[in-house]
Amino acid sequence: MSGNPEPRKYKNSLLNWIEFRLPIISYFEKEYGDYPMPKNCNYLWSFGALATITLMVLIISGIFLAMNYTPHTDMAFDSVERIMRDVNFGWLLRYIHSNGAAFFFIIVYIHILRGMYYGSYKYPRELNWILGVFIYLLMMVTAFMGYVLPWGQMSYWGATVITNLFSAIPFIGEGLKTWLLGDYTVGNATLNRFFALHYVLPFVILGVVGLHVAAVHVHGSNNPAGIDIKSKNDTVRFFPYMVMKDTLATCVFGVIISAVIFFGPNLMAEVDNYIPADPLVTPAHIVPNWYLAPFYAILRAIPDKLGGVLLMFGSIAILFVLPWLDRSKVRSCNFRPIYKWFVMLFFVNFFILGYVGMLPAEGLYLLIARIGLVYYFGFFLIITPFIHKIEIPKSLPLGISDLYLGGGKESPTPTGQKEII
Amino acid sequence: MAENPDNKRRDFLQLSTITLGAVGSAAFIWPFLKSMNPAEDTLALGTTEVDISSIEEGQSITVKWRGKPVFIRKRTETEIEEAKAVNILDLKDPEQDVDRVKKEEWLVLVGVCTHLGCVPLGQKLTDTKGEYNGWYCPCHGSHYDTSGRIRKGPAPENLPVPPYSFLNDTTIKIG
Ligand code: HEM
Ligand code: FES
């Protein structure tokens, strides 16, 4: 590049002026215009775009909420009530933000499960997957801190229970907890720092999303067949095809989330959080946000403090190493007749864990949580690493375009066994 | 190349610069981390004086001390008997009842479950007191006995006894 300007390529002289000094125009053209998308991708491939848009919505609604919010234990609850009653459209901002957070998790869960079903985490997309799990982790931390801000009963006791998890760590636990809280109990110091962090972490997430997308664009997107792009015929350009498709997905999503915001804004909220925090009275039944509930179920399934905490963190940490646990060379579950069902069962199991995580940990619910816990870890540690020894994958098509030759999804004639190991 | 004395000199300079930079960065980070620990005013230990003259046998009150609930219970004869009768070898966190009280009838505890910090039930007469007739934590089901010792459930330790003293027969100073 040094001193050797690229030939001018844009008709618009302003674009040329910018491009000459900072080549971002060609960058966007390459990544979001020409970028080749496998042409067999279904609508599950729109959830990345949906997640990005939801993140932007959360950041924007959050900044406007912050203009009226007061992070002090004496005023936080009232300032949120003031947002709801007195600030113009404050109720809308808050309902967009709280339901936006819930939908952010729904979208990201679908996005993750898509990756698991189609084996998108495998070579050469491991780092892309790791960055994704990292985003998920940051999201959980951010949402947890956001949930503390309205300073209701659930905010306070949720924060107490979760920060106490750290006190289970031998030797340094108590000190670490006090350091995180800035006090011996959840108090004003805690609320203040949680607000500061809740403000900044979404921007960190945005940065990691940038890396996550850059990583996937290096080798291109995976697709429902899980096979590599072989020729130009296998792909369509990002613009206009994917841009249009993602826009349609966004419109449908907009309708759904609007329906919830306007007609059931508290469907996913806890009534107890409309009672101001009281450090002397624990609500009869502490419920986490539903999107964190599966992990809460795992925590409570173990009758030992340290054990429960270790398994809970372990259940998240294990996601990082999934690319190395799965030893099958076939990516997509469409071609894995046995593993496919175990993956689907994993989804159902995760959902059930979330469900019992919001109910009291007693009797049948506790038993279900324990069975769910065993399957959760069994799936990652036994089924995923060893299933390929007994599973005979279906024959893979030679290329993406071959999928369309027979008219059906899978061509009746075997199209070659080359990729099966 | 390696024999060139200039290279040794350069290696030394490089290494010492990097070391200095690392030490400097660590020193720079320290005050930031430290600032997150409890501030001086938070640390300043609070004390609370409580008038216990109006508490009847079998009743409890809850007072706030350093942001936490403290339980003060005037135990009945049976409750004291129960607490003393336990073989401490059966306990998860073995402690004699006598080591947990200053006067037998008065039990003073920090009312924070040692599992994950909820406030156990058992203060009101109508509360469930759990299988050992003391306190029951509804969060994840820990049962405490009439000495505040953990008997069943995920909590690892007994309810702690805060520092306190009797100023006279009817007043307790906590802290
Ligand atoms: C990753 C993006 C974000 C997530 C997942 C998220 C999540 C949440 C959640 C779950 C709540 C509690 C909602 C409730 O029950 O009322 C909340 C509250 C809040 N958030 Fe965020 N948030 C995000 C970004 C932001 C940003 C960028 C700001 C900017 C300052 C912000 C400012 C606030 C404020 C002021 C509140 C308290 C007001 C309220 O309770 O509605 N948030 N957030
Ligand atoms: S906090 Fe009391 S049992 Fe978990």
Side-chain angles (χ1 to χ4, degrees), chain A residues 73 156-168 170 173-190 192-193 196-197 277-288 296-297 299-309 312 360-363 365-366 369, chain B residues 30 32-46 48 60-71 92-93 110-124 126-128 131 135-143 150-157 160 162 175:
Chain A
T73 48
Y156 182 86
W157 290 101
T160 300
V161 167
I162 301 297
T163 51
N164 260 302
L165 294 177
F166 292 93
S167 70
E174 275 304 325
L176 182 65
K177 187 191 109 188
T178 311
W179 180 72
L180 289 171
L181 294 180
D183 201 337
Y184 296 98
T185 53
V186 173
N188 196 49
T190 319
N192 234 305
R193 66 185 53 184
L197 293 171
D278 181 353
L280 296 187
V281 182
T282 308
H285 180 198
I286 297 187
V287 232
Y296 196 59
L299 168 78
R300 298 190 305 178
I302 306 294
D304 175 76
K305 184 171 171 181
L306 182 59
V309 172
M312 189 186 89
E362 303 157 352
Y365 301 139
L366 190 59
Chain B
W30 180 246
F32 290 89
L33 295 182
K34 195 74 183 132
S35 78
M36 286 177 68
N37 262 333
E40 292 296 334
D41 61 337
T42 319
L43 276 176
L45 294 182
T48 305
S60 319
I61 60 163
T62 308
V63 295
K64 204 168 166 181
W65 171 68
R66 288 170 66 181
K68 294 180 189 176
V70 168
F71 296 167
K92 199 184 211 174
D93 182 8
V110 177
V112 175
C113 180
T114 58
H115 181 227
L116 297 176
C118 293
V119 179
L121 297 173
Q123 286 296 89
K124 288 199 215 104
T126 49
D127 280 352
T128 42
E131 285 172 29
W135 287 267
Y136 169 70
C137 182
C139 288
H140 318 95
S142 289
H143 300 255
I150 178 67
R151 301 298 290 274
K152 189 180 166 193
E157 285 162 29

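Note: hydrogens, waters and symmetry copies are ignored here, and every other heavy atom, side chains too, is used. Proteins get letters first, then strands, A, B, ... in listed order; numbering begins at 1 in each.
In this structure, the side chains of A:L165 and B:L116 come closer than 4.5 Å at one or more pairs of heavy atoms. Side-chain contact between A:V309 and A:L299: present, with at least one pair of heavy atoms (C-beta onward) separated by less than 4.5 Å. Side-chain contact between B:C118 and A:V161: present, with at least one pair of heavy atoms (C-beta onward) separated by less than 4.5 Å.
Listed for the A:W157 side chain is a donor-acceptor partner under 3.5 Å among the backbone atoms of A:D278. Proximity of a side-chain donor or acceptor of B:R66 to a complementary backbone N or O of A:T185 within less than 3.5 Å is not detected.
Contact tally against chain B (heavy-atom pairs below 4.5 Å) for A:N164, A:I302, A:D183: the top residue is A:N164. Heavy-atom pairs under 4.5 Å with chain B peak, among A:R300, A:H285, A:K305, at A:K305.
Heavy atoms of B:F71 lying under 4.5 Å from chain A are absent altogether. Proximity to chain B (any heavy atom under 4.5 Å) is shown, for A:P279, by both the backbone and the side chain. In this structure, no portion of B:L121 lies under 4.5 Å from any heavy atom of chain A. Contact annotation for B:T114: only backbone heavy atoms (N, CA, C, O) come within less than 4.5 Å of a heavy atom of chain A. For a residue to count as touching a neighbouring chain, one of its non-hydrogen atoms must lie under 4.5 Å from one of that chain's; by this rule B:H140 touches chain A with the side chain only. Interface remark: A:Y296 contributes side-chain atoms only to the contact with chain B (heavy atom separation under 4.5 Å). Using a 4.5 Å cut-off between heavy atoms, A:L366 makes no contact with chain B at all. Contacts of A:I286 with chain B are made by side-chain atoms alone, with heavy-atom separations under 4.5 Å and no backbone atom involved. Of the two parts of A:A189, neither the backbone nor the side chain holds a non-hydrogen atom closer than 4.5 Å to a non-hydrogen atom of chain B.
Taken as a pair, B:C137 and B:C113 fail the criterion of an SG-SG distance shorter than 2.5 angstrom.
In terms of the side-chain contact (heavy atoms from CB on, under 4.5 Å) criterion, residue partners of B:V112 (sequence neighbours excluded) are, by chain and number, B:K68, B:P69, B:V110. With sequence neighbours excluded, no residue forms a salt bridge (Lys or Arg N to Asp or Glu O under 4.0 Å) with B:K124.
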